[in-house]
J.: 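I am attaching a structure below and will ask some questions about it afterwards.
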2 protein chains.
Amino acid sequence: MGKTYSITDLAREFDVTSRAIRFYEEQGLLSPARKGQARVYSPGDRIRLKLILRGKRLGFTLDESRELFELYDPASGNQKQLLTMLETIQAHKNNLSQQMHDIQIMQLELDEAEQRCRQALSESQKDKHHRIQSGV
Amino acid sequence: MGKTYSITDLAREFDVTSRAIRFYEEQGLLSPARKGQARVYSPGDRIRLKLILRGKRLGFTLDESRELFELYDPASGNQKQLLTMLETIQAHKNNLSQQMHDIQIMQLELDEAEQRCRQALSESQKDKHHRIQSGV
DNA sequence: GATTACCCTTACGTAAACGTAAAGGGTAAT
DNA sequence: ATTACCCTTTACGTTTACGTAAGGGTAATC
């Protein structure tokens, strides 16, 4: 009953190669079921892949993403590691704040670049008209 | 008169190695003046380095950063490339929006992870007290 | 004058994240 | 039964962004 996906299904959906998906498994980020030799991915596996790719967009290494997954795993029990875990989380939160800030600044700068670009375009249009008018 | 910086000045300020800074130059992202053999960096060079590092935090490759610098350069004149330039800018803006979105979601998730973590900690504290009270 | 602290170039090494064959098996339509 | 398309594993190759010696010059300091 549960929906399943082949490796190419997921590869197509998320625009990655099947090689990449196998690589994530090799690195311990995915562990799909098997049907014979073939990999069979559950909706949970699919989400997991989605998270990996989001992590990548944010500049996380695969190791970091794997570590984050462990934060969400029921297997986390170990109490002594809870403080370490909090530090990890805090570090990630700090990085994200920094990135957020970086993005806002860069968006402003790109807006300015766009304006200058449009300006330059409209002026080259004016020049064209001028040349036409003056018969050059 | 103009303030200048040595390579180690900048390396210390931005917490990168001088090797890295030389590498950026090798890739055409910086071109400091020279005094004899030694590199001499102007305030402009310093800003440039700052931008490179910000780009890196946002997942830009050095090639992409170099391309962005060209968008801001007075040497940009070429009119035919203005449209290509606008496309490049738009693509970057789209990526940044996506990243912004990714960050917001991940911040929420990290907040939740933190809460669960603190919860687990306080419960392990309660257990401790309980064990102490009951003399185990 | 020897140590310390910079600076340089050249060049090989490396980690991460796949790309890219090579060689083969499974099944479904033509 | 052959074409086509899926799947597999093994394994070497590649790009990016530096790290890490190795070897040598300069300038201040003890």
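Every chain is numbered from 1 and lettered A, B, ... according to where its sequence line falls, protein lines coming before strand lines.
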J.: Which pairs count as side chain to side chain donor-acceptor pair (under 3.5 Å) when at least one residue sits in residues 42-54 of chain A, sequence neighbours excluded?
T.: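 Every pair satisfying side chain to side chain donor-acceptor pair (under 3.5 Å) with a residue in residues 42-54 of chain A: A:Glu13-A:Arg46, A:Ser42-A:Asp45, A:Arg54-B:Glu109.
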J.: So, do A:Leu68 and B:Leu110 sit near enough that their side-chain heavy atoms are less than 4.5 Å apart?
T.: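 In short, these two side chains touch, coming nearer than 4.5 Å.
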J.: What's the shortest heavy-atom distance between A:Arg66 and A:Gly28, and which atoms?
T.: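 It is CD-O, 3.4 Å.
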J.: Considering residues at least two apart in sequence or located in another chain, which fulfil the ring pair (Phe, Tyr, Trp, His ring centres under 6.0 Å) criterion with A:Phe60?
T.: A:His92
J.: Could you tell me whether the side chain of B:Leu86 reaches within less than 4.5 Å of the side chain of A:Leu121, counting heavy atoms only?
T.: yes
J.: With no hydrogens and no angle check, is any side-chain donor or acceptor of A:Arg34 less than 3.5 Å from a backbone partner on A:Val40?
T.: no
J.: Given the rule in the side-chain hydrogen bond (donor to acceptor under 3.5 Å, both in side chains) test, do B:Asp111 and B:Gln115 qualify, once you have shown the distances and angles that lead to the verdict?
T.: CA-CA 6 Å; B:Asp111 286 346; B:Gln115 293 230 358; over 6 Å; no
J.: With sequence neighbours left out, write down each residue that passes salt bridge (Lys or Arg N to Asp or Glu O under 4.0 Å) with A:Arg12, or none if nothing qualifies.
T.: none
J.: Using a heavy-atom distance cut-off of less than 4.0 Å, which residues of residues 4-12 of chain B contact DNA chain C?
T.: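 Residues of residues 4-12 of chain B under 4.0 Å from DNA chain C: B:Ser6, B:Ile7, B:Thr8, B:Arg12.
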J.: List the residues meeting side-chain contact (heavy atoms from CB on, under 4.5 Å) with A:Gln90, not counting sequence neighbours, and say none if there are none.
T.: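 In terms of side-chain contact (heavy atoms from CB on, under 4.5 Å), with neighbours along the sequence ignored, A:Gln90 is linked to A:Lys93, A:Asn94, B:Glu114.
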J.: Going 5' to 3' along DNA chain D, which are the first and last nucleotides with any atom under 4.0 Å from a heavy atom of chain B?
T.: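 So the contact region on DNA chain D extends D:dA17 to D:dT20.
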J.: Can you sort out the partners of B:Thr61 under side-chain contact (heavy atoms from CB on, under 4.5 Å), two or more places apart, ordered by chain and number?
T.: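 B:Thr61 satisfies side-chain contact (heavy atoms from CB on, under 4.5 Å) with B:Asp63, B:Glu64 once adjacent residues are dropped.
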J.: How would you list, by chain and number, every residue that makes a side-chain contact (heavy atoms from CB on, under 4.5 Å) with B:Ala11, sequence neighbours excluded?
T.: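 Residues passing side-chain contact (heavy atoms from CB on, under 4.5 Å) with B:Ala11: B:Ile21.
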J.: Going by heavy atoms closer than 4.0 Å, what residues in residues 30-65 of chain B are next to DNA chain D?
T.: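 Here the set is B:Lys56, B:Thr61, B:Leu62.
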J.: Checking A:Gln107 against B:Met100 for the side chain to side chain contact (heavy atoms under 4.5 Å, CB included) test, could you report, in this order, the C-alpha distance in whole Å, the side-chain angles of both residues, the deciding distance, and whether it holds?
T.: CA-CA 10 Å; A:Gln107 277 178 335; B:Met100 189 83 117; 3.8 Å; yes
J.: Give the residues of residues 17-27 of chain B touching DNA chain D, defined as any heavy atom closer than 4.0 Å, sorted by residue number.
T.: B:Thr17, B:Arg19, B:Ala20, B:Phe23, B:Tyr24
J.: Contact between B:Phe14 and B:Asp9 at the side-chain level, heavy atoms closer than 4.5 Å - yes or no?
T.: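 Side-chain contact under 4.5 Å: no.
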J.: Among residues at least two apart in sequence or on other chains, which ones pass side-chain contact (heavy atoms from CB on, under 4.5 Å) with B:Asn95?
T.: none
J.: For DNA chain C, write out the stems as range with range, using runs of 3 or more consecutive Watson-Crick or G-U pairs with both distances under 3.5 Å.
T.: C:1-30 with D:1-30
J.: Report yes or no: does A:Gln27 contribute a side-chain atom to a donor-acceptor pair with the main-chain N or O of A:Leu62 at less than 3.5 Å?
T.: no
